[in-house]
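Data block below; observations after.
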Amino acid sequence: MLNQASVFQEQFVPADIVHREDEVTTISNALRPIHSHGNPEVTFLFGPTGVGKTCVAKHTVNELEADLSDVDAQYVNCWQDYTRFGVLYKLLEGIDAHGTVHRQSTPKDELFNRLREQLSRPYVVILDEVDQLAEDHVLYDLYRIPEISLICIANRKDDVFPTLDTRVRSRLETGLELQFDRYSQSELVDILSGRVNEGLTAGVVTDDQLRRVAELASGDARVAIGTLRAAANAAHQSNATRITDAMITQGVPEARQRVEKDGLDRLTDHQQELYYIVKDDGPIAPGELYATYSERVSDPRCKRTVRKYLRKIEQYGLLESDGQKRARTYDER
DNA sequence: CGTCCACAGGAATAAGTGGCGT
DNA sequence: ACGCCACTTATTCCTGTGGACG
């Protein structure tokens, strides 16, 4: 019944993008100067998780690569490569020019210079989760290289721009900004249908069931597809020929946990403790949160450090804060 | 409506880590 | 083995500020 499990994987990029045609066109147009040896403005994609930002970016770049033979492209997730070094190295890797580089012994601008020298043709760079970039000025570095076209992805505009150096910001703010919103239920159904047609044997899941999955995912394609994957796996393992409603109901928490766990894995014990306090007791005021936290752990970190943790957890999309200063409350997302 | 203070977040500083060449 | 260097993480200190409260 599972013909092609890969279509349910996180990083899968479908050949046909549904319900994001306008976005694909807009980004395509933004990249158009590449055809005539110009250099495009920076493109920003904003929106919550599971709304297709990464997918659309990758798809559009794939199309461009298929169109033009003399163009390079590289995808960088700034979660993994969050330093200037990491990003530059990844970009050199993308054009097979990384050679031998030692983290410490390589002079500061060696990587940058090497990248600039090696580039002879357009290089489209997708910077995903760009708000996680610890060293912003690398954005400015890349901006200065004429061959490089940037597509930057982040959850919220406010996560990116306020932290940027003003000089960097003023350059980047002139770029194109695209806001992605949550999918509607029927849009999610269409997305799911596409995957089902490719990945599953006909008749394994009904249209009604897909509607149910879409409804439970509340606009998040990541959760929707994850739910379907979990249900399909459950059916596969029990040698069933069809997905049952129970499998779907069971798949939802599984998919959500997976999304949650993704972020949680990146947190330290202290950060996880904070997350669980907020999850259990939220919405919770800063003072109370810190009091509870210092009770629960044996060696509490100072307040300043806890504030840094909370900011980080919030950026992971696990928590959200509301209000300013004394009136602020932390709550689960 | 003014004062106060809990809070956010920047900067400087200290302590710890890991890879490197010698 | 050793020190060096780049870099990370936590702490202390500090400033600005918005909401609470008299």
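Each chain gets a letter, A, B and so on, in the order the sequences are listed, and its residues count up from 1.
Candidate nucleotides C:dG18, C:dA10, B:dG9 were compared by shortest atom distance to the side chain of A:Lys325, and C:dG18 ranks first. With C:dA10, B:dC5, B:dA8 as the candidates, the nucleotide lying closest to the side chain of A:Tyr309 is C:dA10. Of the candidate nucleotides B:dC7, C:dG18, C:dA10, C:dG18 has the atom lying nearest to any side-chain atom of A:Gln324.
One atom, CZ of A:Arg301, and another, P of B:dA14, lie 19 Å apart when rounded to the nearest Å. Note: NZ (A:Lys303) to P (B:dG10) measures 19 Å, nearest angstrom. Taking atom CZ on A:Arg307 and atom P on C:dA10, their separation rounds to 15 Å, with Å as the unit. What separates CG of A:Asp269 from P of C:dT9 is a distance of 15 Å, to the nearest Å. As rounded to whole Å, 17 Å separates atom P of C:dT9 from atom CG of A:Leu310. Rounded to whole Å, atom C1' of C:dT12 lies 11 Å from atom NZ of A:Lys308. Rounding to whole angstrom units, NZ of residue A:Lys312 and C1' of C:dA10 are separated by 12 Å. If you take CZ of A:Arg328 and P of C:dA20, they are 14 Å apart, rounded to a whole angstrom.
Within 4.0 Å of A:Arg326, counting heavy atoms only, lies at least one base atom of the nucleic acid.
Under the 3.5 Å distance criterion, with hydrogens and angles disregarded, no donor-acceptor pair is assigned to the side chains of A:Glu198 and A:Asn3.
Listed for the A:Gln271 side chain is a donor-acceptor partner under 3.5 Å among the backbone atoms of A:Thr268. Formation of a donor-acceptor pair under 3.5 Å by the A:Tyr293 side chain with backbone atoms of A:Arg301 is found in this model.
For the pair A:Lys58 and A:Tyr75, the cation sits on the ring face: its NZ or CZ lies under 6.0 Å from the ring centre, inside 45° of the axis.
Between A:Arg328 and A:Asp322 no salt bridge is recorded (no basic side-chain N to carboxylate O distance below 4.0 Å).
The base of B:dG9 sits within donor-acceptor range of the side chain of A:Arg304, with an N or O pair under 3.5 Å.
Not one side-chain nitrogen or oxygen of A:Tyr330 sits closer than 4.0 Å to the OP1 or OP2 atom of B:dC7.
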